[in-house]
Enquirer: 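Dropping a structure here in C-alpha cells format, bear with me for questions.
Counting starts at 1 for both ligands and their atoms, following the listed order.
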Amino acid sequence: MARIFVFLVLGILTLCAVCVSLEDNVPTIVYEWETVDMDWPNETIRQDYYQNNKYQPKNNGINGIKLYNGTVYLTIPKLKDGVPFSLVEVKHDRTNSPLLQPYPNWDIHMDGDCSKFKLIQSMEIDPYTGHMWIIDTAFVPRGAVSVPDPCPKKLVIWNLRTNTEVHRYSFPSSVIGLGMSYLNDIVIDFDTNRTARWAYISDTLGKKLIVYDRLLDASWAFSHQSMNPETQYGSITIGNVTSNYGILGINGIALSSDLRYVYYCPVAGITLYRVSTKILRNKLSTATDFANDVKSIGSKRYQSDGIYYGQKHNLYYSAQGPRSVFRWPVLDGPGALSRHTAAFHNRIEWIDSLAFDDDGFLWFVTNNLNTFFTEGGHNGTSNYFVWKVFVDDASYLKFGTDTSSAVTCIVSITALLLSMVVSI
Ligand SMILES: *[C@@H]1O[C@H](CO)[C@@H](O)[C@H](O)[C@H]1NC(C)=O
Ligand SMILES: *[C@@H]1O[C@H](CO)[C@@H](O)[C@H](O)[C@H]1NC(C)=O
Ligand SMILES: *[C@@H]1O[C@H](CO)[C@@H](O)[C@H](O)[C@H]1NC(C)=O
Ligand SMILES: *[C@@H]1O[C@H](CO)[C@@H](O)[C@H](O)[C@H]1NC(C)=O
Ligand SMILES: *[C@@H]1O[C@H](CO)[C@@H](O)[C@H](O)[C@H]1NC(C)=O
C-alpha cells in the first residue's frame, strides 16, 4: 500500500512538472537567415534579379508574420531598393533557412499599374474562411529619397483556400489625408453572425486609426493625441545600439477576444490605450465620441512594435529594450505585477510582429530593424528570425476554443489515478 502511495505521489509530481515546463518562456528558433533568398523560377531569372540589382539581399528584411493551416506567411516591406516581393510564403525545402516564394503569385508583385502589390507591411487571416486581409500601403523607395507611390493605398482580401481574390478596396484620400501615411498593422472584427466585417488599421506616419467596413465597402478614420509619438520615449536602446524613433506614432494594434475593445500604442511611447469597437464600428462617431471613450490602460514600461491579443484575455506585447515579449492579463488592470515574460532571448533584436498557431504557440519575427537602416544589419551572422514559444493561448479570433493545459493536466492526473486504482 505504501509503495502504491509513493508511486502515486511521484506520478502526480511528474505530471505537474511536465505541465509547468510547458509554460517555459525560452522561445525556439524556427527559422533564421543572414539574408533571405527566393525560390527563383529558373537560373536566368535569378541572375537577372541579382545582376541588375532588382534583388538586393541585404535590403530584404522580413517584418510581418501570420500562419494558416501549417503555412507561414511573411512580409518583406519595400523599405529600401531591390525588394521585389513584399508578401511571401515559406517553402519547406531547407530545414532552418528555407527559401521564400512570392505569394500569391509572381505576377502580382511585378512593377506596373496600381492593381499590383506595392508595399505590404501586414496582413491578418480570418481562420473561418481562410481569407487573408492584406494592406498595401503603396510606398516604394526610389533611390535615396522615398516618395509616396501615386497609387492609392488598398486592402485586398485573398482566399488562401482557393488562391483567388475575393475583394479589393482603395482608400480615398479623404480618409488617408494628403500628408505622410504608412498603413502598418491590421486586426479584423466580426459581425454577430461570425462574418468578418471590419478592419482596424494603424497609420504610423499619419497617426490615425482607420476603419474599413466590408458590408458598407467604406472607410473612415479617427485621430487622437494618444496616437502621436511621445517624443520623450523616442529613443530605444537594444544592447549597445541606441536609435531614435521619435516620428513613429500608432503601430501596435490588437482586438480583444470578446471583440469589445481595440488596444493600441505608438512606437515612441510606453502607454497602452484602449477604445471601444462600438465607437469604431459606427461611421457616424465623431472625434469627440472617440476622445470620450478612449482610456489609458497603463504603462508597458518599454516601447513596442507588434502587439497581439490572446483568447485568454492576455495582451502579448513586444518590449524592445529587454529583448522580450511580455504577457499582460489586461483585465487585471494596470498593476506592474500582472505582467509576465512570455519570451526572452539574448539574440532577440527588434521584435516586429506576432501571430498564433493552432497549438498554443505564439510566433514572432525579429529583424534587427534597429541596425537595418543604419548598418544594413549584421555581417556573417543571422539577422532575421522566426521564433515560437508555448504560451498555451490562442488568437483573439478563435472564439470559444478555450482549452487550457491546466485542464489537460487535471484530466491526465485523473486518468493516472483511475488507472492506478484499477491496477490495485
Ligand atoms: C524562366 O522562367 C521564365 C518565367 O517563367 C520564362 O519566361 C523563361 O522562359 C524561363 N527561362 C528558362 C531558360 O527556362
Ligand atoms: C490545409 O492543407 C492541407 C494540406 O496542404 C489541404 O489538404 C487542406 O485542404 C487545407 N485545408 C484548408 C482548410 O485550407
Ligand atoms: C452575416 O452578416 C453579414 C453582414 O451583416 C451578411 O452580409 C451575411 O449575409 C450574414 N450571413 C449570414 C449567414 O447570415
Ligand atoms: C556592441 O555589442 C556587440 C555584441 O553585443 C559587439 O560585438 C560590439 O563590439 C559592441 N560595439 C560596441 C561599440 O561596443
Ligand atoms: C557590413 O558590411 C557592409 C559592407 O561591407 C558595411 O557597410 C556595414 O557597415 C557592415 N555592417 C556591420 C554591422 O558591420
Enquirer: Does the protein put a heavy atom under 4.0 Å from atom 7 (O) of ligand 2?
Expert: no
Enquirer: Does the pair R281/D189 count as a salt bridge with the N-to-O cut at 4.0 Å?
Expert: yes
Enquirer: Give the atom numbers and elements of ligand 5 that come within less than 4.0 Å of a heavy atom of N379.
Expert: 1 (C), 2 (O), 3 (C), 8 (C), 10 (C), 11 (N), 12 (C), 14 (O)
Enquirer: If you count the atoms of ligand 5 from 1 in the order shown, which ones are under 4.0 Å from a heavy atom of G377?
Expert: 11 (N), 12 (C), 13 (C)
Enquirer: For atom 14 (O) of ligand 1, what is the nearest protein heavy atom, given as residue, atom name and distance?
Expert: N42 ND2, 3.2 Å
Enquirer: Considering only non-hydrogen protein atoms, determine which one is nearest to atom 9 (O) of ligand 5 and report residue, atom name and distance to 0.1 Å.
Expert: E375 O, 4.0 Å
Enquirer: Could you check atom 4 (C) of ligand 1 against the protein and tell me its nearest heavy-atom contact, residue, atom and distance included?
Expert: I45 CD1, 3.7 Å
Enquirer: Salt-bridge test for K312 and D392: reply yes if a basic N is under 4.0 Å from a carboxylate O, no otherwise.
Expert: yes
Enquirer: Atom 1 (C) of ligand 2: which of N159, N69, T162, T71 has the nearest heavy atom?
Expert: N69
Enquirer: Got a salt bridge between K154 and D136, using NZ or NE/NH1/NH2 to carboxylate O under 4.0 Å?
Expert: yes
Enquirer: Are there protein heavy-atom neighbours of atom 11 (N) of ligand 5 below 4.0 Å?
Expert: yes
Enquirer: May I ask you to say whether D48 pairs ionically with K54, meaning some side-chain N is under 4.0 Å from a carboxylate O?
Expert: yes
Enquirer: Provide the number and element of each atom of ligand 2 under 4.0 Å from a heavy atom of R161.
Expert: 13 (C), 14 (O)
Enquirer: Below 4.0 angstrom, N of the basic side chain to O of the carboxylate: do R327 and D393 qualify?
Expert: no
Enquirer: Under the 6.0 Å and 45° cation-pi test, does K80 pair with F372?
Expert: yes
Enquirer: Just checking Y212 against Y169, ring centres under 6.0 Å apart?
Expert: yes
Enquirer: Which atoms of ligand 1 sit under 4.0 Å from any heavy atom of T44?
Expert: 13 (C)
